[in-house]
Amino acid sequence: MRGGERKHFLRNRGDSEQEVAQNVSRALYEDSRGNYWTSVNGGVGLLNPNDGTIEFMLHERHPELKNFKLIHSLCPIGKDCFAAMGDNGLFYYDAGKDEVQIPDICKDKYYKPGIKYFGLLTDVRGLQWFATEDGIRIWDKKSGRLYLLTTAEGLPNNAVSSILEDRDGVVWASTLNGICKIIPREEEKGGYCFSLVAFGVADGLQSGMFYDHAALKAKNGTLYFGGAHGFNYFNPGHMVYEEAASQPILTGLSIFNTPVRVGKEYEGHVILSAPMNRTDKIELRYDENFISIEFSGLNYANPDHTYYKYRLKNYEEGWVESHATAQGRAVYTGLRPGEYEFEVYAANGDKVWSKEPARLSIVVHPPFWATYYAMAVYVLMVVGMVYWISRMYVHREKEKMMEERRANARRQQEHLEEMKLRFFINISHEFRTPLTLILTPLGSLIKQQSDVDLKQRLVVIYRNAEKLLQLVNQLLDFRKLEMQGERLSVSMGDIVVFVRDAVEAFCELVKEKGVTLAFESKIGHLYMNYDHDKVYKVVNNLLSNAVKFTPSGGRIAVRVENSVRNGREYVAVSVRDTGCGMEEKDKERIFTRFYQVESSHKSQSGSGIGLHLVKGYVDLHGGEITVDSRTGEGSVFTFFLPTDLQHDEKVTIAHGEDKETVGVSVPSAAEDGSEPSGERKKLLIVEDNADFRAYLVHEFSSDFDVVEAGDGAEGEEMVREEWPDLVISDLMMPKRDGIAFCQRMKNDIHTSHIPFILLTAKMSDDARIESYKAGADSYISKPFNFEMLQVRVQKLIEQRETRKVTFKKNIEITPSEITTTSLDEEFVKKAVAFVEKNMDNSEYSLEDLSSDLGLSKTHLNRKLTVILNMKPLQFIRSIRLKRAAQLLVGSQYNVVEIADKVGFNTIKYFNRYFKEEFGMTPTQYREANKKVNKSPKT
C-alpha cells in the first residue's frame with residue numbers, strides 16, 4: 001500500500017481451491033537496495049513490486065536450496081542478510097554478495113537435518129536463539145559454541161513456537177504447553193549458563209498449545225503470546241518476585257534404600273542420634289556406601305515450583321540442578337573411604353535461590369586393612385621385602401660373578417685345548433698330502449716289483465705308512481665328533497658276519513705277537529641297520545687296544561650275542577682280553593678324551609682319543625658301552641647296539657661310485673680302463689703342492705697330454721688357453737680354491753662341458769656335498785689309490801664319447817642324455833630349437849646359428865665338437881636328417897616333399913647325406929621301418 005493505493009498480487013489466478021498454496025506468502029524481507037524477498041510455495045523468491053511476479057527463485061541460482069520448499073519466516077541478520085527458517089531447517093542468504101550458507105550439520109552434535117525452525121532472536125548479548133521443534137539452539141558467535149535447551153534443562157515442551165526478549169534481557173519462549181522464562185548468566189570460566197523457569201495453567205496461562213510465530217513485544221514492554229484458546233499477555237517489568245527462598249532442610253537418610261531411624265542401630269551401630277535437620281555429621285563403615293539423602297525447600301506457597309541444586313564435595317565437581325515438588329532426593333553409590341560434605345540450595349518458582357545451603361558432613365571409614373596402622377605394617381613389610389630382595393640380588397650377583405669367573409676359566413681352558421687340537425688337526429691335514437706321495441708311488445712300486453725280498457720290505461713300509469694314516473684319520477674323526485659334525489649313515493647288513501670279518505683282519509697281527517684270537521657267536525646271522533664305517537672303527541679300536549695291552553701267550557675273545565635292555569632288543573659285542581687290566585678309578589674316566597691309564601707299559605700308552613671315539617660312535621647309534629676290568633686279570637669291553645634302528649634318508653650320504661674309503665689298501669690289479677681309441681686327450685692338473693703335482697703329471701703323461709697349474713686362478717687361464725678334455729684340481733689352494741674354480745668353469749657356457757675331478761684331504765660329507773653343488777663330476781679323498789683315479793679319469797672320458805655316439809645313433813634328440821650339466825643341456829636345447837625353427841629354410845647357415853646362440857663361430861665350433869663330436873654345419877645337417885627320418889617313418893610324404901621340408905634344395909644331396917647318416921637311401925629306410933608306423937598322410 002503506497003499513498004493510499006493498495007495492490008493485491010496473486011501468483012496463480014486459477015481455481016484457488018485447487019491451487020490454494022500457490023498464493024500463500026508467509027514472510028517478506030526488504031534489503032538495502034529495495035529488493036523484496038518473499039516466502040512462497042517452493043522456497044524464497046525475488047518479488048517484483050510493480051507487477052507482483054516472482055523474477056526468480058533462490059534454488060534456481062543455488063541448487064543446494066532445492067529441498068527448502070516451505071519457509072515460515074525471514075529474519076534479518078544484517079544489512080543485506082537474512083535467515084530463512086522452515087520445515088527442512090534453515091539457511092542464510094546474503095543478498096549483496098548473492099551467497100548462501102547452510103550450517104554444517106556434521107560440525108556440532110546439536111545440528112540435525114530436517115528439523116523445523118519456527119523463530120530466530122538475536123539478544124542484547126549477541127546470542128542467536130533458534131526456536132525449533134526439538135528445543136532451543138543458542139549460538140554464541142564470539143566463542144563459536146552452540147547450546148541446546150530441552151525438557152531436560154527445564155523447558156515445558158521441546159516444540160518451541162516463538163521467542164521474545166524483554167527489556168531486562170530475559171528471554172521468553174512459548175511452547176506447545178506452556179511458557180518458559182530463560183535467564184542467561186555469563187560464567188567466570190567463559191561461556192553461559194541458563195536458568196529456566198516454566199509456567200503453565202496453574203500460573204494463569206491458557207490451556208492447550210501456543211501457535212507458531214504468534215508472539216509480539218509491545219512498545220511498553222508487554223509480551224503477547226497467542227494460542228489455541230486465545231492469547232496471554234504480561235509485562236515482565238511489572239511482575240513481583242519473591243526476593244529470597246527459605247533455607248532448605250535435610251529430612252531423611254537411607255542406606256541401601258533402607259531408611260535410617262533416629263537412635264536405632266544399623267548393622268551394629270547407631271548412625272543417627274538426632275533428627276537429620278539437627279545432624280551435622282554422620283559416620284559410616286566402608287561397606288555402607290550406597291546412601292540416599294532427602295531434603296525439602298519449605299515452599300508452602302507453590303510447592304510444585306521448587307528447584308534444588310546440590311553437590312557432594314570430593315565426589316562430584318559441578319552442581320546437580322533438579323525441579324521437584326516439595327521434597328528432593330540425592331542418591332550416591334560406591335562412596336570410597338574418605339570425608340565428604342553434602343550441600344543443597346533451594347529456589348522458589350521465581351528461581352530465586354536461598355542464601356545459605358543445608359550441609360551434612362559424611363565420613364566413610366576405611367576397612368581395617370586400609371587403615372593407617374595397616375598401611376604402616378604394609379610399609380614395614382615392603383621395606384623388609386625390598387631389603388631381603390636386595391640382599392638376595394647382591395648374593396645372586398656375587399654368585400653370578402663367581403660363576404662367570406669359573407665359566408671364563410673353563411672357556412679359557414677349552415680355548416687353549418681347542419687351539420692345541422686345531423694345531424694338531426691342521427698338522428694332520430698337512431700330513432695327508434705327503435702320505436699320498438708316499439703311499440701312491442709305493443703302491444705302484446710294489447705292483448711293478450718282481451724281487452720277492454725287496455717287495456716284502458716295501459710292503460712293510462707300506463703297512464707302517466698305513467698305520468700313520470690311520471692315526472691321522474683317527475684324529476680327524478675325533479675333531480669331527482667333537483664339533484658334532486658326525487651323522488649316522490645306516491644301512492642293512494649282517495652284524496655277525498661284519499664283526500667276524502673285522503676280527504679276521506687281526507689274525508696276522510696277533511700271530512706275530514703270539515696272542516690267541518677267538519671269535520664266538522651264539523647267533524648265526526643278524527640283519528639290522530647300522531653305520532658300517534663307524535661300527536668297524538669301534539671294533540677296530542677295541543681290538544687294537546686289546547692287542548696292545550695283552551702280552552705274548554695271552555688270549556683275546558670276541559663274542560656276539562642278543563641282549564634285551566629295558567624292553568628293547570640289542571646286539572651285544574664284547575672284546576675280552578687277558579692283559580694288564582686297570583684300576584677302579586680309571587674305569588670311570590677311560591672314555592674321557594685325552595685320558596690315559598697309568599701303566600707299567602709306558603711304551604704301550606695311547607693318544608687318549610680312541611676310546612673317546614668308540615663311546616661317541618656307540619652313542620650316535622643310541623647304544624651303550626660298558627667296561628669290566630681288574631688289575632692283572634684283563635678287561636672286558638662290551639658295546640650294545642639297538643637292532644631296530646630305522647634307515648633315515650635325510651642323514652645318509654649315498655654310497656655311490658665317488659665315495660672312496662679313507663684307508664688305502666695294497667694295490668691289486670685294476671679293472672681294464674683303457675682309453676678310447678683315437679687321438680690323445682688333454683688333461684689339466686691344478687695342484688699347489690709342486691711334488692704331488694709333478695707326480696701326477698709324470699703318471700698321466702704316458703696316456704695323456706698333460707698341462708699343469710699351481711692354483712685356481714692360473715688353472716682358469718690354462719683352461720681358456722689349452723681347452724683340456726678333463727680337469728683334476730686340488731680343493732684347498734691359495735688365490736682361488738677348487739670349489740670356486742670348479743663353479744666358475746661349470747657356470748661358463750664355454751667351459752661347462754669339461755669334466756672336473758676334485759682331490760682333497762677333507763673327508764667330511766659337507767665338503768663332498770659342497771663340491772657336488774659346485775658342479776664337480778667326481779670327488780676323491782687323499783690319500784688314494786692312483787689306479788682308482790686313473791680309472792675314474794678314463795671312465796669320465798669314455799662316458800663323454802658314449803654320449804656322442806648316442807646322439808649320432810638316435811633319431812629322437814634328448815639333450816639330457818648327451819650332456820652332464822644343466823648349462824650344456826640348455827645349450828643343446830636352444831641349438832636344436834633354432835635349427836628346427838628354420839627347418840625348411842635352406843639358407844640357414846653357421847653364421848645364423850652362431851648369432852642366435854650368442855657365441856662366436858670359434859666357440860660354437862669348439863662347444864659342439866666337444867659335446868657331440870660335430871662341426872656346426874654337421875650338427876645342422878644332422879638335425880635336418882633326423883627330422884627327415886622321423887617323417888619317413890611317421891608320415892606318407894614322398895621323398896621329394898620331405899627333402900623340401902627339411903631344407904634340402906636338391907634330391908641328389910639329400911639322398912647322399914641321408915645314406916652317409918643312416919647307411920641306406922631314404923626309400924630303403926622307409927621300407928625297413930614300414931611296419932613301425934602306418935599312420936595316414938597329415
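Contact check on R33 versus D31 returns no salt bridge, with no Lys/Arg side-chain nitrogen under 4.0 Å from an Asp/Glu carboxylate oxygen.
The structure places CD1 of I291 at 6.0 Å from CG of L284, a figure rounded to the nearest 0.5 Å. Put simply, CG on L312 and CG on N314 are 7.5 Å apart, with the number rounded to the nearest 0.5 Å. Taking CG from D280 and CG from L250, the interatomic distance works out to 9.5 Å, rounded to the nearest 0.5 Å. For the atom pair L121 CG and K217 NZ, the distance stands at 9.0 Å (nearest 0.5 Å). Expressed to the nearest 0.5 Å, how far CZ of R311 lies from CD of E321 amounts to 14.0 Å. Remark: F342 CZ to Y332 OH distance equals 5.0 Å, nearest 0.5 Å.
Between F210 and F225, the angle of the ring planes goes over 60°, which puts this pair in the perpendicular group of the 30/60° scheme. Using cut-offs of 30° and 60° for the angle between ring planes, the F231 and Y224 rings count as tilted. The aromatic rings of W37 and F82 lie tilted to each other, with the angle between the two planes from 30° to 60°. Taking the six-membered ring for Trp and thresholds of 30 and 60 degrees, F199 and W172 have nearly parallel ring planes, at less than 30 degrees apart. Note: Y192 and Y147 have perpendicular aromatic rings, judged against thresholds of 30 and 60 degrees for the angle between ring planes.
Between L74 and A27 the shortest heavy-atom distance is N-CB, 3.5 Å.
Crowding of Y378 atom OH: a count of heavy atoms from other residues, nucleotides or ligands under 6.0 Å exceeding 12.
Checking each of L120, L127, L146 against W139 for a side-chain contact (heavy atoms from CB on, under 4.5 Å) leaves exactly one that passes, namely L146. Here the options are F68, Y29, F91, the test is side-chain contact (heavy atoms from CB on, under 4.5 Å), and the partner is V44; only F91 passes.
F56 has its side chain within reach of R61: a pair of non-hydrogen atoms, C-beta onward, lies under 4.5 Å apart.
Within the 3.5 Å criterion, the main-chain N or O of N235 finds no donor-acceptor partner in the side chain of D166.
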